[in-house]
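Lettering of chains follows the sequences in order, A, B, ..., and the numbering in each one begins at 1.
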Amino acid sequence: MQHQKKKIIFWGTPNFAAFILEKLISQGYCPQALITTSDKPVGKEKFLNSPATKKIAQKYNLPVWQFDNLKNESVLKTLVDLKPDIFIIAAYGLIIPQEILKIPVQGCLNVHPSLLPRYRGASPIQAAILNNDKKTGTTIMLMDEKVDHGPIISQKKLKIKPGETTPSLTKKLALLSADLLIKILPLWLENKIKTRPQKHKKATFTRQIKKIHGQIFWYKPAQQIIQMWRAYQPWPGIYTFFKGKMLKIIDLEILKIKHSFVPGQVFLTPDKNLAVACSKNAIILKKVHLEGKNPVKGIDFFNGHREIIKQIL
RNA sequence: CGCGGGGUAGAGCAAUGGCAGCUCGUCAGGCCCAUAACCUGAAGGUUGGGGGUUCGAAUCCCCUCCCCGCAA
């Protein structure tokens with residue numbers, strides 16, 4: 001087991017990385033250390049929340065380094081002193097400077113959950129769902145000077161099932177990525193894999209998702225709003241405004257109907273469901289969450305806010 | 001002390017100093033070939049808890065417990 005003598009350092013932060021890390025460990029490819037970002041205060045109680053990968057690392061007693069700023073000498077020195085053979089990077093959260101990428105003798109592998117060169121950047125999984133793609137996949141590539149730009153080592157496709165959400169697809173892609181990684185890693189470490197460059201002209205890009213992206217525009221077709229809802233779980237979710245307050249839509253359903261309402265107009269279906277008209281079809285609000293209140297069923301919300309009918313959101 | 005909203009009947013919400021109400025649900029009865037429809041009636045409250053101001057507090061003040069949004 002020659003590869004186990006190699007020093008692997010794993011970089012990653014959220015769930016996607018955590019699934020991969022755990023699978024690597026369980027399959028006998030335990031890294032020497034985890035590098036992730038710092039604990040972030042979360043919620044009103046402002047307690048610190050560790051990255052998902054850190055929790056896994058602690059479970060297996062892996063050493064953990066947490067860096068938020070990679071552009072200083074002490075970080076560089078720490079990493080050089082580890083004398084790593086290879087870095088495996090999966091959703092770290094920050095762009096890693098060139099000087100650091102040059103450290104490991106066998107390069108830096110990046111796990112990216114899309115079929116590169118499609119969907120480079122920060123939100124490939126959400127983009128695939130948002131665009132109603134029928135398939136996506138994962139790519140393992142050798143990192144170079146540009147983000148998600150390096151030559152491809154291996155790729156694997158995955159069908160997107162109807163109703164797939166970001167959390168469910170994230171998990172599937174992570175497990176797929178881990179399998180692929182385990183398969184190619186020993187070969188890579190023995191220099192038995194050739195890379196192939198990406199077709200850069202076909203590249204598309206995705207950006208970091210912000211709260212504002214979750215706002216619903218009712219002039220869009222209902223189908224598209226459903227895809228937003230699937231893509232933007234668990235955060236930022238999708239929301240609209242009612243009486244100046246944010247109304248999150250926790251659960252919804254498409255209502256296939258020909259109607260003459262204005263997009264955004266609220267109405268009640270014959271079987272007593274609260275619904276909002278879109279440019280095509282409509283959305284049934286099964287569960288909503290008004291800012292400052294508890295989440296409630298659509299019908300309960302209607303009982304307390306009868307004036308919502310005929311209003312335009 | 002990061003900013004903000006809320007706690008009222010089983011559920012969702014009104015009532016901002018003067019008789020605690022609305023919609024839904026529940027129960028009883030009625031109507032109907034029938035129904036998640038409709039009609040009549042009923043039950044269901046220590047207004048989260050404690051203290052204060054007042055002739056009088058869900059409402060104003062102080063304390064406390066709980067829930068939630070923003071921010072990530």
side-chain contact (heavy atoms from CB on, under 4.5 Å) between C278(A) and I225(A), worked out = CA-CA 9 Å; C278(A) 307; I225(A) 293 171; 3.7 Å; yes
Carefully, step by step, assess R230(A) and M228(A) under the rule side-chain contact (heavy atoms from CB on, under 4.5 Å).
-> CA-CA 5 Å; R230(A) 290 187 186 129; M228(A) 266 179 82; over 6 Å; no
Go through the steps for K310(A) and Q265(A) under the test side-chain contact (heavy atoms from CB on, under 4.5 Å), then give the verdict.
-> CA-CA 6 Å; K310(A) 295 280 169 67; Q265(A) 195 165 25; 4.0 Å; yes
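Across the strands present, C33(B) finds no partner; the criterion is a Watson-Crick or G-U wobble pair with both atom distances under 3.5 angstrom. Pair check for C3(B) finds G69(B); Watson-Crick or G-U wobble, both atom distances under 3.5 Å. Remark: U40(B) base-pairs with A28(B). Criterion, Watson-Crick or G-U wobble with two distances under 3.5 Å. Across all strands shown, U16(B) remains unpaired; no Watson-Crick or G-U wobble contact has both distances below 3.5 Å. With a 3.5 Å ceiling on both atom-pair distances, the Watson-Crick or G-U wobble partner of A11(B) is U23(B).
Going from the C1' atom of A36(B) to that of C19(B) covers 36 Å, rounded to whole Å. Taking atom P in both C60(B) and G69(B), the straight-line distance is 25 Å, to the nearest Å. Going from the P atom of C61(B) to that of A57(B) covers 16 Å, rounded to whole Å. Taking atom C1' on both nucleotides, C22(B) is separated from C3(B) by 33 Å, rounded to a whole Å. Taking atom P on both nucleotides, C63(B) is separated from A20(B) by 29 Å, rounded to a whole Å. When the C1' atom is compared between C13(B) and G45(B), the two are found 15 Å apart, to the nearest whole Å. With C1' as the reference atom, U26(B) and C68(B) are 29 Å apart, rounded to whole Å. A gap of 12 Å separates the C1' atoms of C39(B) and C32(B), to the nearest Å.
Ring centers of F301(A) and F242(A): under 6.0 Å apart, within the cut-off.
Distance, I309(A) CD1 to C24(B) P: 13 Å, rounded to whole Å. The interatomic distance linking I308(A) (CD1) with G12(B) (P) rounds to 16 Å, in whole Å. In this structure, R306(A) atom CZ and G12(B) atom C1' are separated by 10 Å, rounded to whole Å. The NE2-C1' distance, from H305(A) to C13(B), rounds to 6 Å in whole Å. The CZ atom of F302(A) sits 14 Å away from the C1' atom of A11(B) (whole-angstrom rounding). With rounding to whole Å, K245(A) atom NZ is found 12 Å from C13(B) atom C1'. Atom NZ in K287(A) sits roughly 13 Å away from atom C1' in A11(B) (whole-Å rounding). What separates CG of N303(A) from C1' of G12(B) is a distance of 6 Å, to the nearest Å.
At least one test fails for K272(A) against the ring of F302(A): distance under 6.0 Å to the centre or angle within 45° of the axis.
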Whether each nucleotide of nucleotides 65-72 of chain B has a protein heavy atom under 4.0 Å at its base (B), only at its sugar-phosphate (S) or at neither (-) is summarised, 5' to 3', as --SBBBBB
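When the nearest nucleotides of RNA chain B are assigned to G304(A) and D271(A) by heavy-atom distance, the more 5′-ward of the two goes with G304(A).
Evaluation of the salt bridge (charged side-chain N to carboxylate O under 4.0 Å, His left out) rule for E291(A) yields no partner, not counting sequence neighbours.
A donor-acceptor contact closer than 3.5 angstrom links the side chains of T139(A) and Q155(A).
Judged purely by atom type and a 3.5 angstrom limit, Q227(A) has no side-chain atom pairing as donor or acceptor with the backbone of N131(A).
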